[in-house]
Amino acid sequence: GVSHVLTLALQELSLLCKRDVNGVGMLYDLLRSHWLQALLKIYECLQHYLGKRPAPVTLQARALSREVVELLREAPQSGEIKELRRLLRSPHLKAALLSAHDTVAQKDFEPTLPPLPDNIPENEEAMRIVCLVKNNQPLGATIKRHEITGDITVARVIHGGLADRSGLLYAGDKLVEVNGVPVEGLEPEQVINIL
């Protein structure tokens, strides 16, 4: 692996160090540094992990958990079975761990959006449903109230921000709903709090 190549390079460099070639001593010290060795070990571990490509045994761990709880209900009630049933029914295990497992196993990372209504009139303005996941970063857009209509609109999309990189929001876009909350009649400050 990488560590073996590094060891060979160090052996070659040690020979050059003895001949006092310019810069070789510095390179030799760099390659021997503990932080680089640790970084290369991490790299090798990641490469090994990626080669394995672990796969989930089941895509429906929550359903399997419910099934096991039902089977345990019919079993003789020892202390261990009661404890296992209690653990499998706990909200921490069901909601957090098993739900997260199923989401990752099914590769279902996109949010579920409500379906569009079928009875949209022909003269209705076109509407886009935009989904942006922020992850502790700012949206990268400002909003304002339109002076004439009173609508909340995107005032500016900041270059390089999340909204700009997504290509989904544009200056002048009217906001109708944010995170499932209608924004009609709200002040821009209230909408910012919802964002």
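- Taking CG of Leu39 as the reference point, atom NZ of Lys41 lies at 12.0 Å (rounded to 0.5 Å).
- For Glu189, there are no side-chain hydrogen bond (donor to acceptor under 3.5 Å, both in side chains) partners at least two apart in sequence or on another chain.
- Counting heavy atoms from C-beta outward, Leu169 and Leu132 have side chains that approach closer than 4.5 Å.
- Not a single donor-acceptor pair under 3.5 Å links the side chain of Glu177 to the backbone N or O of Leu175.
- For Pro188, the side chain to side chain contact (heavy atoms under 4.5 Å, CB included) test picks out Ile143, Arg145, Ile152, with sequence neighbours left out.
- Between the CD atom in Glu67 and the CG atom in Leu72 there is a gap of 11.0 Å [rounded to 0.5 Å].
- Separation of atoms CZ (Arg85) and CD (Glu70) is listed at 8.0 Å; rounding is to 0.5 Å.
- Nearest heavy atom pair, residue Ala141 against residue Ala163, reads CB-CB, 4.2 Å.
- Hydrophobic clustering keeps Val68 apart from Leu59 (ILVMFWY residues linked when any side-chain heavy atoms are closer than 4.5 Å, directly or through intermediates).
- With sequence neighbours left out, Thr149 forms a side-chain hydrogen bond (donor to acceptor under 3.5 Å, both in side chains) with His146, Asp151.
- Other residues, nucleotides and ligands place no more than 12 heavy atoms under 6.0 Å from the CZ atom of Arg156.
- A chain of hydrophobic side-chain contacts below 4.5 Å, direct or via other Ile, Leu, Val, Met, Phe, Trp or Tyr residues, connects Val181 to Val178.
- A search for side-chain hydrogen bond (donor to acceptor under 3.5 Å, both in side chains) contacts involving Arg89 returns nothing, not counting sequence neighbours.
- Residues Tyr170 and Leu139 fall into different hydrophobic clusters, defined by Ile, Leu, Val, Met, Phe, Trp and Tyr side chains chained together at heavy-atom separations under 4.5 Å.
- Judged as a salt bridge (charged side-chain N to carboxylate O under 4.0 Å, His left out), and not counting sequence neighbours, Asp164 has no contacts.
- Under a hydrophobic clustering in which Ile, Leu, Val, Met, Phe, Trp and Tyr are joined whenever their side-chain heavy atoms come within less than 4.5 Å, directly or via other members, Ile42 and Leu40 fall into different clusters.
- Here the closest non-hydrogen pair linking Leu168 and Cys131 is CD1-O, 4.1 Å.
- With rounding to the nearest 0.5 Å, the separation of CD in Glu74 from CD1 in Ile81 is 11.5 Å.
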Stepwise side-chain contact (heavy atoms from CB on, under 4.5 Å) check, Lys144 with Thr153
CA-CA 6 Å; Lys144 67 177 181 176; Thr153 62; 3.7 Å; yes
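- The same ILVMFWY cluster, assembled from side-chain heavy atoms under 4.5 Å apart, contains both Val130 and Leu162.
- By the side-chain hydrogen bond (donor to acceptor under 3.5 Å, both in side chains) test, Arg86 is found to be paired with Glu83, residues two or more places apart in sequence or in another chain being considered.
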